[in-house]
Every structure is written in structure tokens, then in C-alpha cells.
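This report concerns only the one structure given below.
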Amino acid sequence: MGLDASRLIKAASGFPLPPGIHFSYGTAGFRADGSILDCVVFRAGIVAALRSLNTGSTIGLMITASHNPIQDNGVKIADPNGDMLSQEWEPFAESLANESNLENVVQVVEDFMQKNGVFKVSASSGKVLLARDTRPSGGRLLDAAKQGVEAIAGVSAEVIGVLTTPQLHWMVRATNRGVGASEHDYYSQISSGFKRCIVDMIPMRKNLASPSELVIVDGANGVGAMKLSGLQAIIPNVQLNVRNCGSEGGILNELVGADYVQKERKFPQNFGHASDLTKMCASFDGDADRIVFFYSQKSEDAEGITLRLLDGDKILTLLAIFIQKHLQELRSEVHWLSSVNFGVVQTAYANGASTKFLKENLGVEVVLTPTGVKHLHHKAAQYDIGIYFEANGHGTVLFKEEFFAVLTKTAPSEFRTEGGLRTLCRISSLYCIQSSTALTSNK
Ligand SMILES: CC(=O)N[C@H]1[C@@H](OP(=O)(O)O)O[C@H](CO)[C@@H](O)[C@@H]1O
């Protein structure tokens, strides 16, 4: 099957390239002021459609500018297993996005297809799932992306609507695995992981609804707040107090959200009250793929209250201590577990004290990668158990599937401290979401 050039040119002519601007493919896709992105997003739709034909799988396309201001927007593409678009495709995406001549657009696509055998692998039934966050330009840009997908014959676009970025990544992965991939399935998976990991594992905290256990969440006036209420509806016994939901006139990412709290070391709007003292709080970013925690303490200064931040480095360190402890217990009992490798991944921006602690005090292998989830995720996935976090709060825990399968099949009777085995299985059930997500880390 060849490219339908006239169909592509006709569709592309509706989305002219704004003159004099070069669009760069950044750490996670294209970003710019939302008013000038129609062409780039349309062409990202073409890239996603071709990727779908090339891989013979469903691909995801997300319209979001994450932690950036409300007037910005952007586009990220999710690969079949829920990872970021393969880095090999980034130069193609960038040259397509910047081609000003329509005839050349076809040429760029044809050359790339020829080089990569896009249509050799494909059946004639590609599919792209499309979603967006809550930005005002999101609906218009989602439509541009849809038209880009449909400009490629044989590929269909399914608009899912408003989602967090991790939800879209998860749905793409679940769709390609042929398991339940609805938003409700997503909540059910987190909810059962939460129940197994938090509620059952820590009996004394069973009554999580008690006011002292309340977690207060800063939703950054974005999609995370909205989705958290969906999740809360099916998680029993947990009371979350969600502020900055965007419904009371608050502006997305303005004086709120993970980026603000982490960079400014300030309370987000509607936090920092005396009544919140010592309570655990969490901040999402605009598309809920970052989280940082914080709490307040009494201080001597004029404000009287100081913010204590748990950024990605601290979250990673706490997780590493926890997993290392259980792993060491199990290794002392079961021979094959001694070969299980466990490592953590940070970027060069990580606090050096955390890296030193992880290496020297905890004895964990630490690898540094460039900034960007695609780099950290890829590296962490090479371990049986890998944790990655950027200081800004992107991160997760990954369990290699083969390792997890052996772990869950191992009879509890082989272990004296059965609890350690159960704990690892339970943690993996909470982090089974696979992509950096604020919702699973909300504990
Ligand atoms: C998915 C991804 O790679 N996101 C990138 C990107 O963050 P966003 O929250 O997606 O804007 O830029 C950050 C640097 O500004 C980088 O730290 C991070 O890894």
C-alpha cells in the first residue's frame, strides 16, 4: 500500500505552517503558545498514524503542555507499550513539523516510509487514541491532531477526551495487550493495588479515613484534580482533600502545582494554613505526571510556618530504602533472589547528597541519565526492579515482567518471612501503571 498523496496534501493545506518559527522536538514532544500549534499538532497526528502502521499497534497522542502556563500547549506521542515515542522517530517528527512546502511534506513522509518500511509491517488498520488536558486550546488542537491521523489512509482516530498523560499511556499499553483499557479499568487497577499495598499491608492504618490520615492534594487547577475524584470514588476508606481543582477560578499551574512548589519552595495557593500543620500534602502538575509532597512545620519567622518539601530525590530515596530492606530479607532466604538486580536512576540535576546516600549508605546501584522521562525510564527498565525519579517529581517503580512472574509464582512456604515477598508483590501491584504518574504516588 502506498501513500495517498492527494489526500495528505488536501488535509495538510488546512493547516499552514506559521512563518518564521522553528519548532523543536523537546524532551517530551513539541511545546509552544497554543495559538500557533495547529500545524505542528496536525503533523504530529501524521507521525502517530505512520507509527501505528509501522508497529502494527495502537499509538497514543496527548495534547498538553504539562507544567507550563495555561496559554501554552504541546503534543506528546505514546508508543505501543506506553513509552514515549521511539527516539529514532524524533528527527522525522521535527523535519515534518518544520517543512513549509506542501509538496515537500509528501516527500518527507515518503522518504521516511521508504527508509523505514512503514507499510511493509503494516496491516491496513492503524489506530491512534487521542486525549488532551484541560487547556482552552486543547479541543481545537485535538481536532487538528485527529485530522492529521485521518490524513493517512487506513488509520482511524479515537478521541477519548480529557485525560491525564499517564492515563493515556496506560490505555495505549492496555489496548495493545488486549486487556481492559477503559478509564474505569485504570481506576480499578490503581484501586486494587492501593488496597493490597497500603490498606492490607499496614493493619494499624486500616482506618485511613481518620482525619489525621487525610492527604491534602493540590490539583494544579488541572486534569489531575478532576481524575482524582474519579479514583477516590472507588477507593474505599480514603479521604482526600483536593484543592485547586480549577473550579473556583484558579488558573492552571499559576501559583499552584508541582513545578511551582518544587522550584519556588513555596506553598501553592490555598495551602500553608495553620490548620494544615504537619499534614501530608501533595502537588500534581498540569497533566498529572509529576508529584511532589510537602508538609508544614512551625517556624520562628514572621510567617510562622515553613514548607518542608519531599521532592523526587526524597521520594526515590524513601522508596529505595523500603525496597532494599525487603529485598535483602528475601535474598537471605531464597538463593535465586541473590541474582536479582535492583537499581535507581536519577539525572545530573539530582541532589548529590541523595546520590551519595543511595550509593554509600544503601549500597544501591545508581545510574545518571540526561533529563527526560524517556531516558530514565529506558534505563530503569533494564533492572529486575528499577526506580527512577527526577527531582521535579517525574518517576515510578518498574518491575521487570519476567522477574515479577517468578516472584508471584514462588510459593510463600519457601520464605520464612513471607511478609517480604508479599510486600514486593504488593508494591508492584501499585506501580503496575508503568508510566510516571502522580495518581499512584499519591500516598
Ligand atoms: C515526560 C518528560 O520527559 N517530561 C520532561 C518535561 O517535563 P513535563 O512535565 O513533561 O513538562 O520537561 C522536564 C524538564 O523541563 C523534564 O524534566 C521532564 O522529564
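Indexing begins at 1, ligand by ligand and atom by atom, following the structure's order.
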Taking 4.0 angstrom as the limit and counting only heavy atoms of [X], give me the atoms of ligand 1 inside it, by number and element.
| X | value |
| --- | --- |
| His394 | 4 (N), 5 (C), 7 (O), 8 (P), 9 (O), 10 (O), 18 (C), 19 (O) |
| Val373 | 1 (C), 2 (C), 3 (O), 19 (O) |
| Arg290 | 7 (O), 8 (P), 9 (O), 11 (O), 13 (C) |
| Lys76 | 10 (O) |
| Ala28 | 1 (C), 2 (C), 3 (O), 4 (N) |
| Gly372 | 3 (O), 19 (O) |

In terms of side-chain geometry, is the basic nitrogen of [X] or [Y] positioned less than 4.0 Å from the acidic oxygen of its partner?
| X | Y | answer |
| --- | --- | --- |
| Asp289 | Lys76 | yes |
| Glu99 | Arg43 | no |
| Glu401 | Arg177 | yes |
| Arg173 | Asp83 | no |

How does [X] reach ligand 1, if at all, at less than 4.0 Å between non-hydrogen atoms: by side chain, backbone, both, or neither?
| X | result |
| --- | --- |
| Thr371 | side chain |
| Asn68 | neither |
| Asp285 | side chain |

* Measuring from Leu255:CG to Asp218:CG, what's the distance to the nearest 0.5 Å? ->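 Answer for the CG-CG pair, Leu255 versus Asp218, is 10.5 Å.
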* **Atom pair CG/OG of Leu142 and Ser137 - distance to nearest 0.5 Å** =>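 Interatomic distance, Leu142 CG to Ser137 OG, rounded to 0.5 Å: 11.0 Å.
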* Taking the minimum heavy-atom distance to atom 10 (O) of ligand 1, which of His67, Arg31, His377, Met84 ranks first? -> Arg31
* Which is closest to atom 6 (C) of ligand 1 by heavy-atom distance: Thr347, Thr27, Thr165, Asp259? ->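 Among Thr347, Thr27, Thr165, Asp259, the closest heavy atom to atom 6 (C) of ligand 1 belongs to Thr27.
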* Steps toward side-chain hydrogen bond (donor to acceptor under 3.5 Å, both in side chains) verdict (Gln189, Asp185) -> CA-CA 6 Å; Gln189 194 169 3; Asp185 292 319; over 6 Å; no
* What is the nearest protein non-hydrogen atom to atom 9 (O) of ligand 1, stated with its residue, atom name and distance? ->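 The answer is Ser66 OG, 2.6 Å.
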* Asked: Among protein heavy atoms, which lies nearest atom 17 (O) of ligand 1, and at what distance?
  -> Glu390 OE1, 2.7 Å
* **Over-ring placement of Arg243 relative to Phe271, 6.0 Å and 45° cut-offs** =>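 Flagged: Arg243 positioned over aromatic ring of Phe271.
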* Asked: Side chains of Leu50 and Ile46: does their closest heavy-atom pair fall under 4.5 Å?
  ->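 Result yes, sub-4.5 Å side-chain heavy-atom pair found.
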